[in-house]
Amino acid sequence: MTVLFRELYEAKEKEWLSPFACLSVNSKGRLLPEENDPYRTCFQRDRDRIVHSKAFRRLKRKTQVFLAPLGDHYRTRLTHTLEVVQIARTISRALRLNEDLTEAIALSHDLGHTPFGHAGERALNELSSFGFNHAEQSLRVVDILEQRRGKKGLNLTFEVREGIKNHSKGKCILFGQPCPEGISCEALVVSLSDVIAYITHDIDDSIRAKILSIKQLPSKSISILGETASEQIDTMVRGVIEGSKEGHIQIIPDILNAIIELRNYLFEKLYPSEPIAKEINKAQRVIQELFHYYMHNPPKDILEDEPKSEGDILERKVLDFLAGMTDEYALNAYQQLFLPSPWHI
Ligand code: MG
């Protein structure tokens, strides 16, 4: 009998990975059972489905911190995602965790992000009668909103879906709180990698935008973590790899304290600072006005759309439509709906 390449790969995982890793062969499976692939493990297939999805391509025009940036070197949600992937894969590989599962969770963790980053998320959460959260929306994207081969959803494995849902829960490690029951080491690694990526690149982008200088940052943290994004990522990644043991994902204490201090600085001083906050207020107004407009004048294709899940009501459809928009799409829609056009003839 011919042994399939996937089976050889699964055997290699059993031999090489840590006892705390999720083995592909032990996956709890998909919502709809499928035949196995001859070459790829279940987590490798999930990763490929995510990269080929439309929601993944839209990340290139969604905000990280700076709205619809014109400068070529600012991060977008797509480059943020790729930085999270690289950081998470390095940590996962060094801890002998399942790198393919880690990669699939990292690639999909922000698929449900709204236009205009967290400003858009906050606006939708306040407007919606049932609340809005980007982690839950990311799960809704892969389970319901994306289409594959004419069917609803990407039909991903339980482990990737759980990782997406819990991708913000790794903050338990930063704050010394108990982690959610049953969360995988791979999901925790993605969650910490998300923090490492946004702290380092938001500082780097803010220095590029000349709204921050390295001298303003807490000096103790910078002396431990380094001055450049490259040095900071390197130190933080080492802090996780060397701080973790026996299936417990942890960070070396002095590096952990430096990360917390830097993160606090960003949330208390940088994000609320005038140059960022004034654009965020405008972005929230765009989302609010589009929401109210579409609730009273739903676009024809939204109305004709089959309900994607049980209990889909107009508000749910409007939320999905708005959350799926890129920054540019939302700004163009706003311009067409609310601003007068110049007369051409
Ligand atoms: Mg993220």
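In each ligand, atom 1 is the first atom listed, and ligand 1 is the first ligand listed.
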To make sure I understand the geometry: which N, O or S atom in D110 is closest to the Mg ion (ligand 1)?
OD2

Any S168 side-chain heavy atom under 4.5 Å of H134 side chain:
yes

As a quick check of understanding, evaluate side chain to side chain contact (heavy atoms under 4.5 Å, CB included) for L322 and M325, giving each step before the final call.
CA-CA 5 Å; L322 277 170; M325 288 181 179; 3.9 Å; yes

Metal proximity, H113 vs the Mg ion (ligand 1), N/O/S cut-off 2.8 Å:
no

Tell me the angle that NE2 of H80 and OD1 of D194 form around the Mg ion (ligand 1), rounded to 10°.
80°

Going by the side chain to side chain donor-acceptor pair (under 3.5 Å) test, name the single residue among T114, D110, D320 that passes it with Q137.
D320

Whether over 12 other heavy atoms sit under 6.0 Å from Y39 OH
no

